[in-house]
**Q** 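Here it is, the structure in full.
Sequence lines set the chain letters: A, B, ... in the order given, protein chains first and strands last, and positions in each chain run from 1.
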Number of protein chains: 2
Amino acid sequence: MSLDGQLPPKMRLLRAAAELLAKSAGAPVSTRQITQLAGVTAPTLYHHFGDKEGLFDAVVAAGFEEYVAGERDFAPSGKPLEDIRRMWDNHVQFGLNQPELYLVMFGNIRPENRPAIVADAEALMEEMLNKAAAAGQLNVQPREAARSILAANVGVTLMLIAEPATERNLELSTMTRDAMIFAVSAEPASGSAAGDSGRSSVVVAAIALNAALQASHSDQLSSSELKLFLEWLHRISASPA
Amino acid sequence: MSLDGQLPPKMRLLRAAAELLAKSAGAPVSTRQITQLAGVTAPTLYHHFGDKEGLFDAVVAAGFEEYVAGERDFAPSGKPLEDIRRMWDNHVQFGLNQPELYLVMFGNIRPENRPAIVADAEALMEEMLNKAAAAGQLNVQPREAARSILAANVGVTLMLIAEPATERNLELSTMTRDAMIFAVSAEPASGSAAGDSGRSSVVVAAIALNAALQASHSDQLSSSELKLFLEWLHRISASPA
DNA sequence: CTAGCACCTATAGCATCGCTATATGAACTG
DNA sequence: CAGTTCATATAGCGATGCTATAGGTGCTAG
């Protein structure tokens with residue numbers, strides 16, 4: 001009805017679905033609404049997307065690419081940990097800007113459904129954490145750290161979405177963010193009398209070396225040697241604090 | 001059909017809904033399924049609960065009371081922070097035991113829908129944190145700490161639910177849990193750090209690890225393994241830029 | 001005992017939902 | 001121009017959430 005531009009119906013369906021999904025606050029969006037807004041009839045939808053969920057997945061995928069693009073845009077700050085902070089903030093902002101989309105992406109994930117997007121988000125975070133690890137700023141395995149940080153990031157975003165926009169307190173985000181990053185980083189942390197929270201420098205160095213090795217393809221060791229070497233490295237860096 | 005006990009229809013509807021919701025993995029549950037299992041016809045449902053969502057809310061409320069009861073059961077440990085750890089673990093376990101119920105409770109929360117349950121959960125956590133604060137073990141306001149911890153707790157639980165049960169790694173939970181508790185506790189801490197020492201390469205990391213390994217007698221590797229490991233480390237360290 | 005009354009439940013059906021069997025048109029290929 | 005493939009439309013099926021209406025059930029009052 002209003003999206004009758006010259007765009008191909010597939011695109012019009014995507015936009016219509018995204019638009020309806022965005023404005024209808026939580027209420028279910030019917031395929032008939034979508035097809036009508038797109039100026040198309042039902043079979044067209046099912047021809048292109050197979051399923052209502054297929055269409056929604058496509059919308060989510062598009063939104064996710066936008067999200068990833070936003071995350072990748074500002075990487076080049078020299079400080080990896082600072083980049084992770086911005087990544088966190090960007091994640092939260094994305095969720096608050098498009099709450100419905102975000103809820104579909106992260107609020108309804110079920111085992112068989114789609115760990116795909118979550119896995120991508122984890123990979124993105126891990127990639128950034130690898131730089132921190134290579135710089136010796138990481139206390140734990142990048143993968144574990146990425147999962148942990150992302151989990152907290154999602155939890156905070158969901159909680160912020162849940163409360164009315166007027167009384168959203170972003171301090172919840174920054175506080176949790178810094179708590180997670182601090183707990184994961186190899187910063188001084190020192191001075192604490194209780195002091196077993198920081199891990200030994202062996203572990204930190206091993207983690208750093210591991211990340212550095214995987215980043216640069218050193219040819220000082222044969223592949224079989226490297227394999228064993230990495231295994232030992234992993235054993236060291238996985239040792240309990 | 002099978003829940004024809006002498007229980008009143010209202011209770012039978014609740015149990016039928018809970019049972020169907022629990023076993024149907026994510027698939028939508030129809031009112032017809034529920035009423036049939038409860039041995040009741042449609043209007044009965046709407047007379048008692050007004051709405052399908054009303055019925056689900058009742059199920060959620062019942063489940064939440066069970067959850068709260070579980071949380072309150074073991075409070076009396078002398079150490080508040082230890083209690084919070086158990087509270088966290090109990091939360092995660094509840095989510096993993098009844099994933100569908102949990103997803104309805106925490107996965108779909110929208111501003112107008114029901115911050116009620118979340119608020120209750122926050123209050124529960126805050127109550128426990130107040131004891132920690134009274135003992136001088138807290139670094140921030142109990143309310144903020146409660147919100148932050150609960151957000152991370154929900155995020156972790158959702159992430160664990162999202163991945164197949166076979167490869168669930170509970171270490172994600174304990175790691176995030178301890179990170180949050182540590183960041184909130186009255187240790188020196190100081191959340192955001194700025195310290196960055198220059199970026200390091202494979203060589204630098206290897207040298208660092210070498211030094212660290214020789215300084216501390218790690219027992220993760222046998223002596224023969226360690227010897228070969230150090231040799232390789234040396235080879236890497238000696239490699240040209 | 002019966003009349004009234006509030007409560008609870010059943011019959012039947014509406015509007016809408018996601019989806020599809022089938023057919024028609026357009027566009028490219030030989 | 002014939003044949004094939006892709007894309008859209010017509011019409012309708014089964015299932016869904018929900019309801020207008022009516023029919024029992026148990027009570028207390030007369």
Side-chain angles (χ1 to χ4, degrees), chain A residues 1-61 100-101 103-104 108 110 112-114, chain B residues 1-61 100-101 103-104 108 110 112-114:
Chain A
M1 286 310 195
S2 69
L3 292 182
D4 289 354
Q6 255 53 330
L7 299 89
K10 187 170 179 177
M11 220 50 101
R12 274 186 284 165
L13 278 169
L14 268 177
R15 298 202 178 182
E19 181 179 332
L20 289 178
L21 205 64
K23 67 174 55 171
S24 84
V29 179
S30 72
T31 60
R32 283 176 169 81
Q33 291 176 32
I34 298 173
T35 55
Q36 179 179 349
L37 177 60
V40 171
T41 51
T44 306
L45 190 161
Y46 296 93
H47 173 70
H48 286 289
F49 300 98
D51 217 336
K52 181 186 185 180
E53 193 180 328
L55 171 60
F56 278 59
D57 281 358
V59 172
V60 164
E100 307 302 329
L101 193 60
L103 282 178
V104 176
N108 265 329
R110 289 204 172 72
E112 68 284 2
N113 250 5
R114 54 185 96 131
Chain B
M1 284 313 200
S2 69
L3 292 183
D4 289 354
Q6 254 55 326
L7 299 88
K10 188 170 179 177
M11 220 48 102
R12 275 186 284 166
L13 278 171
L14 268 178
R15 296 202 178 182
E19 180 179 332
L20 288 179
L21 206 65
K23 64 174 55 170
S24 84
V29 178
S30 71
T31 60
R32 283 176 169 82
Q33 292 176 30
I34 298 173
T35 54
Q36 179 179 347
L37 178 59
V40 171
T41 51
T44 306
L45 192 162
Y46 296 93
H47 172 70
H48 286 289
F49 300 99
D51 217 338
K52 180 186 184 180
E53 194 179 327
L55 171 58
F56 278 58
D57 282 358
V59 172
V60 164
E100 307 303 330
L101 193 60
L103 283 177
V104 176
N108 266 328
R110 290 207 171 69
E112 69 284 3
N113 251 4
R114 54 184 95 123

**Q** First locate atom NE2 of His48(A), then atom CG of Leu55(A), and finally report the distance between them rounded to the nearest 0.5 Å.
**A** 11.0 Å
**Q** Tell me which pairs pass salt bridge (charged side-chain N to carboxylate O under 4.0 Å, His left out) where either residue lies in residues 23-43 of chain A, with sequence neighbours left out.
**A** Glu19(A)-Lys23(A)
**Q** From dT9(C), dG17(D), dA9(D), pick the nucleotide closest to the side chain of Thr41(A)?
**A** dA9(D)
**Q** Listed by chain and number, what are the side chain to side chain contact (heavy atoms under 4.5 Å, CB included) partners of Ala18(A), not counting sequence neighbours?
**A** Val59(A)
**Q** So, OP1 or OP2 of dC8(C): does either fall under 4.0 Å of a side-chain N or O from His47(B)?
**A** yes
**Q** Could you check how far CZ of Arg12(B) sits from C1' of dA10(C), rounded to whole Å?
**A** 14 Å
**Q** How many whole angstroms separate atom CD of Gln36(B) from atom C1' of dT9(C)?
**A** 17 Å
**Q** Give the rounded distance in Å between these two atoms: CG of Leu13(A) and P of dG18(C).
**A** 13 Å
**Q** Calculate the interatomic distance between Ile34(A) atom CD1 and dC19(C) atom C1'; express it in whole Å.
**A** 13 Å
**Q** Closest nucleotide of DNA chain C for Arg32(B) versus for Gly50(A): which of these residues is on the 5' side?
**A** Arg32(B)
**Q** What distance do Leu21(B) atom CG and Gln33(B) atom CD have between them, rounded to the nearest 0.5 Å?
**A** 10.5 Å
**Q** Among the candidates dC18(D), dT20(C), dG18(C), find the nucleotide nearest to the side-chain atoms of Ala42(B).
**A** dC18(D)
**Q** Using the side-chain heavy atoms of Thr31(B), tell me which of these nucleotides is nearest: dG17(D), dT9(C), dA9(D).
**A** dG17(D)
**Q** Nearest whole Å is fine: how far is dC18(D) P from Phe49(B) CZ?
**A** 13 Å
**Q** When you measure from the side-chain N and O atoms of Ser30(A) to the phosphate of dC17(C), is any distance below 4.0 Å, counting only OP1 and OP2?
**A** yes
**Q** Would you please confirm or rule out a distance under 4.0 Å between OP1 or OP2 of dC18(D) and any side-chain N or O of Tyr46(B)?
**A** yes
**Q** For Lys10(B) and Lys52(A), take the nucleotide of DNA chain C holding the closest heavy atom to each; which residue's nucleotide lies nearer the 5' end?
**A** Lys10(B)
**Q** Atom CG of Leu45(A) to atom P of dC17(C): distance rounded to whole Å?
**A** 13 Å
**Q** Take atom CD of Glu53(A) and atom P of dC17(C), then tell me their distance rounded to the nearest Å.
**A** 18 Å
**Q** Just the rounded figure in Å: distance from C1' of dT19(D) to CG of Asp51(B).
**A** 12 Å
**Q** Side chain of Gln33(B) only, please: which of dT20(C), dT8(D), dT16(D) is the nearest?
**A** dT16(D)
**Q** Considering only heavy atoms from C-beta outward, does the side chain of Val40(B) approach that of Leu45(B) to under 4.5 Å?
**A** no
**Q** Pick base, sugar-phosphate or nothing for Pro28(B), based on heavy-atom distances below 4.0 Å to the nucleic acid.
**A** nothing
